[in-house]
Structures are given as structure tokens and as C-alpha cells.
There are 2 protein chains.
Amino acid sequence: MRRTRQVTILSVAAAAGVSKSTVSRVMNDTPNVDPQIVIRVRDAAARLGYRPSGTAQNLSRGRTGIVGVLVPDLANPLFATILKGISAEAELDGYRTLVADANEQPDAELRHLNELARQSDGLILCGPRMSMPDLASLAELDVPIVVVNRRPAGNLFPSVTVDSREAVADLCRHLDALGHTHLCYLSGPPHAAADGERWSALKSSVRSRTKLTRVAAGAMLDDGHAAAEAALATGATCLIGFNDLVALGAVARLQELGITVPDQISVAGFDDIVYARFTSPGLTTVAMPMTEFGQEAWRLLSPYLHGRKTRRTRTLSATLIIRGSTGLRQNSGARPGPAA
Amino acid sequence: MRRTRQVTILSVAAAAGVSKSTVSRVMNDTPNVDPQIVIRVRDAAARLGYRPSGTAQNLSRGRTGIVGVLVPDLANPLFATILKGISAEAELDGYRTLVADANEQPDAELRHLNELARQSDGLILCGPRMSMPDLASLAELDVPIVVVNRRPAGNLFPSVTVDSREAVADLCRHLDALGHTHLCYLSGPPHAAADGERWSALKSSVRSRTKLTRVAAGAMLDDGHAAAEAALATGATCLIGFNDLVALGAVARLQELGITVPDQISVAGFDDIVYARFTSPGLTTVAMPMTEFGQEAWRLLSPYLHGRKTRRTRTLSATLIIRGSTGLRQNSGARPGPAA
DNA sequence: GTGAAAGCGCTAACAT
DNA sequence: ATGTTAGCGCTTTCAC
């Protein structure tokens, strides 16, 4: 039933000639313990190689010091970075992160969260793809929950979201100034809330003379790569990816087709993942405040964990970053040319 | 001391008119329980919204179902991907991953591991940067440990490593055939075991007529970006990054300087992160079997968790992937030209 | 097939 | 300042 005989607090107590409580006090740096005894206990503990059982502490203390984090895809640098931010911030407060990667499968999320909830003091959901009813059902878990990057969740749980509208408007102005009057949006996973937001931000920002179409893509490099040709076929002079991965995937495909960016066609994305800056041309993108996401998420969750009420929403803002992938509209539409 | 009154197994037992034991049996799908009772219990549990306390189960069962994973940097897609692999594989066995990001600080690792160990059944260290003595000291934690991507650890703990020598030899042959006789290695973090391995693999693979120099870089995009000029100054006709991030960072810097890759200078990397394929030119690289890393790590750890002995080492092999970033050596050395 | 009772290893009143 | 005692919420023998 149990594994190898452990060094329990009791053995240390015996070895040091004191009671369990005293050992516990020493191990937890409780003040008002005889310095002599502290030494004796520390000594015994070290000699025996005593390491308190986290599990037992958890049960006794009624908390685990663990926060569960759900992400749609760890391989997406956006989420890896947000996770990194959360983990860094949580660590400062002595918490650790238990991660679950839903693999972009909305159905898997609920299952994961149920599991996570049983081991953690609180939950942070990053860009959850699950349905609103499912999301709402999480209230029953009776655990502090914070949602990152899914706006409509704001009414249900404290959440940190981003307002991209201003930045998208900037993007549209930028493209308009470059002469682009036909934009094609490479849309994201249907269940990603960000997809709807970005699309409607675009719709409400484009000039009336500008044509805006959309082509289904996804959330990953391959999705953009695969969707590029269809997007090209719309005759658009600028492609806008659901996120940077999609945009970069599209750029790669365009280059394979011998179409140069931005000379023959412009491309823009969302997120500003680190690669956006380092590819060539650099990717024009609507930057998400990734590090802040993690920080703010923790700031929202942290008081909540200690039973205190917390503000329900924190809205960050996105910013347009102009790089080389968007340029003057060429006269004719882009057409495959000789390989680059 | 405790938080909101919980629905315990006792309340369910009362509501269903049975004993705790029976409820426990039902919740754990133990056979030999009266179907009638199963229903009654399930009902009561659902009605009360009973969710067994993971912590209590952990203590009672003597296991947590958690495996601690240490990575040097979550923002590095190599580690994010390895983590994803581990997490996927572990999940199949009902385990979850508790992550710790050491932020490329070797000193932080030990502290993290001590913490992780108290909450988990086993530990997986990804490319640990800590010193060998520190690594050795982990044996005292008395917890199953598997090390990924740090060769010399093979004697201490079961580990999954990669043998890059063959692939590096391929790379050297490839570069030699292209006429490169002066290579410059942009080295990684001093404490990364992979750095030493890659450097010595290069040293032992280059033709005698080939000059091999090294310039300090690091593990991230910025490091490569920053080191590019120094590397250029060595007069090398091919830059080899410690990893793909460094290589891509260097490419970005070169392009800023108006130097085209591979026309004026070639660049290669290690890992084959997903961006290596999608940048232009595609990056020639020594590909690590990333997904396999995670799988094999789990395969090594899993039996270990159940008390069974496990084989000590699994060596995967790297493979050379040739893409557009390496080309024929140009006549003169690369020099900054007009911006691309 | 079901219940009673003894833990799992620790913390935290409470008493001294 | 230290020891005693009663849990934390579950699992698991061991009787019935």
C-alpha cells in the first residue's frame, strides 16, 4: 500500500527527544522555540534526511499551493509564454503550476479542469475554447477561477482580457494608407473566442471601400501554410492571420510559391510572438501583452485564493507593431511567380 | 483554518444511508457492490455535488499522480514541446505535470526540484543546467528521477539522451561539400551540457583543413542576434548556432545588416524547432527527436513509479535536415551590403 | 456485500 | 516554550 518506509516527523521527534509539534514548529520557523531545541531538531532532521510530506501538509493545511493552468496548446508560444508568466508570478507567492494541455480540443477541457480542480487551490484558464454553458458549469467546482483571453467570460469569472479594437483600427488605417482595399482574414479555430473578436474588430474597422473576406485556417503554422493559397485566390492584397503562427505559415507558403512579401502581397498577424520580430520580413502584428497576461491573471487569482474578493476584470490593450511584412499595395493582384 | 465547508465522503454516506467505505468503493468502481446501492450512492453524490478531495486521496494512497518537470526555459519551443510530449504521455497513465521553469538559472534548479519533489511521485529534468555534484545530490530526494538531454547524467539516473555526432558529421560533410572551410559556432549557455557536446562533435567532425572558431552567444533569439556580428568578424563563411533560436536570431541580424543568407553566408542550427521550417530561407539544422524525448522520458519513468526497475538509458539519434540556409560558399568573406 | 476502525503524516488548538 | 490531542478526508484491512 505505501512505498518505502519514510522518515516521518515522528522519527525526527524521537531522535531529537521532543514532540511532533515541536518538530513541526521548527520546520515551519515558528517563533518562540528554544534556540537549543531548534538546533537539536534541525540536526536530527538533517541526519535522518527528513523531508516533510507535502501531501500530508496539504491535507492538514487545507491547501495545496498548486494552481491549475489550462492551455489550448503548449506548442503555441503565446500560451507557453503566458504560462511562463503565470508560473513566474505564482512562484513568488509560493505557488506552483499544474498544467493541462487540451490540445486544441474543446471537449477535453472540461475533463482536464475537473481533474486539475481536485489537486489545486485555484484555476487559470488560458483562452479556453469550451462552450459558454460548459464554462458556466465550472462555477460548481467551487474553486477560484480566473480566465485569460476570453472576453465573454468576464461576467462569469474574474478575467483578464485584451481590447484589440483600437490596435485593429490602427492596423486598418495603416493598410488603407498603403492602398490595400481587399483584406483576407485567415480565421482561427471556430471555438476560439479571440477569433470572433478579431474578425468583428476588423469588420468594424475597415473603410467602407475596403473589401474584407475570410478563409478558414486554424491556430498553427501548418494551418496558415495550408490556407495561404485559398486566401490568395480571393484576390486580396493583404492577408491577416488569426495569429502570428498562421500569418507566418502563410508567409512561408507564399515564399514557396515565389510570391514575395510585402512586394507582391502584405501579411499581418496577431500576438507578436517572439518570432514575429525575427523572421524576415518582420511581421506586422497586433501585439498582445503576453507577459502582463500572466502577471494580471495571478494578481486577480491571488487574493481570491486567500478568500478575499477580487475585481472581476482587467482589460489590457493590444498595440499595433508595424514591421516589414506590410507594404504598398502592388498594382495587380499577387500571382505565383518564379521561385524566390 | 479550513475553507468553506466541504461536501465530504461522510455527508454522502449519511445521505445515502451507507458507510464511508461503501461510498469509497462506489466512487472507485470497486466490483462487488450491490447495484442498488451503487445507484443510491451515485445519486446522493451527484445531488450533493460531492467531489472527493484529491489531497486526502493522495495521502491515503501514498501517491499523488503528479510528476514534476523542470525546464530551463518554457519560452524555448524545444522545452515547451518536450513538456507537451511528457504531459501527453503522462496523461495517458493518469498523471499530471507540475512544471518549474528555472529561467536558465542553474542555481534555481535545486531549489525548484526540492519543492517539486514534495508534491510529486517522480521528477523529469529537461536539459538541467545544474552542476554534476548538485545533480548527484538529487539521489537523496529518494524519488524516481529521469533526466532528458544531458548525457553525463546517464550514470546517475535513467536518462534519455540524443547522439548528435553522426548528424553533426553529416552537417560537416554537407558544409565541406559546399566549400566552407571556416565555421563559427555560436555557443550556448556555459552550463548547458548540450553546448559542450555540440562543440566537441563539431571539433571532431570537421576536416583538418577547416577552421572552427566559437563565439559566445546563449540560448535565445536575442543571444544569436547579438552575437552575429562578432561571429561575422571571425571571417567564417558559415555560422552554426547552439540551437535554432540562436541561429535564427543570427539570421535576423545578418539580414538587418544587408547580408543575405545563404548567398553571402550560411547558417545552421540545432533542434529543428517548428520555426526552422517556416522561416525563409528554411534553416538547415540538426534535428532533435523532440516528441520522442517526452515519450521516452515517460516510458523510462513510468515503471519506476510503480516500483519496478527501469533501464538506465535510452539514446535517440539526431538527424541532419538540410534547408535553404546553407549554400555554396561565396568567394570573398561576407560583408555588410545595402539593406535587403 | 457492507461496516467499523485504524491509519496516511502532518498542523493547530488547547492545555500546561 | 512545549507536549497532548484531535482532526484534515480519504482508503483499506479486517470482521461480519
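Throughout, a chain's letter reflects where its sequence line sits, starting with A, and its residues are numbered from 1.
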Taking side chain as C-beta onward, heavy atoms only, is [X] less than 4.5 Å from [Y]?
X        : Y        : value
B:Ile124 : B:Val148 : yes
B:Asn58  : A:Gln119 : yes
B:Leu74  : A:Phe79  : no
A:Arg299 : A:Glu89  : yes

Provide, to the nearest angstrom, the distance between the [atom1] atom belonging to [X] and the [atom2] atom belonging to [N].
X        : N      : atom1 : atom2 : answer
B:Arg51  : D:dC10 : CZ    : P     : 12 Å
B:Leu59  : C:dT11 : CG    : C1'   : 12 Å
B:Arg63  : D:dC10 : CZ    : C1'   : 14 Å
B:Asn32  : C:dG1  : CG    : C1'   : 7 Å
A:Ile9   : C:dC10 : CD1   : P     : 5 Å
A:Gln119 : D:dG9  : CD    : P     : 16 Å
B:Asp121 : C:dC8  : CG    : P     : 18 Å
A:Asn28  : C:dC10 : CG    : P     : 11 Å

Problem set entry | Residue mapping more 5' on DNA chain D - nearest nucleotide basis, B:Arg25 or B:Ala56 |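 Result: B:Ala56.
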For this session: With DNA chain D as reference, determine whether B:Thr55 or B:Ser21 sits nearer its 5' end, using the nearest nucleotide of each.
Result: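 With B:Thr55 and B:Ser21 compared, the 5'-side residue is B:Thr55.
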Among [options], which nucleotide sits nearest the side chain of [X]?
X       : options               : result
B:Ser24 : C:dT11, D:dT12, C:dG1 : D:dT12
B:Ile37 : C:dT11, D:dG9, C:dT2  : C:dT2
B:Asp34 : C:dG1, C:dC10, C:dA5  : C:dG1

Considering just the side-chain nitrogens and oxygens of [X], establish if one lies under 4.0 Å of OP1 or OP2 belonging to [N].
X       : N      : value
A:Thr22 : D:dG3  : yes
A:Ser60 : C:dG9  : no
B:Asn58 : D:dC10 : no
B:Gln6  : D:dG9  : yes
A:Ser19 : D:dG3  : yes

Exercise. Does the pair B:Arg42 and B:Asp29 meet the rule for a salt bridge (charged side-chain N to carboxylate O under 4.0 Å, His left out), with working shown?
Worked result: CA-CA 11 Å; B:Arg42 285 246 138 77; B:Asp29 298 309; 3.1 Å; yes
Problem set entry | Given DNA chain C, 5'-ward residue of the pair A:Met27 and B:Lys20, judged by closest heavy atom |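 Here B:Lys20 is the residue nearer the 5' end.
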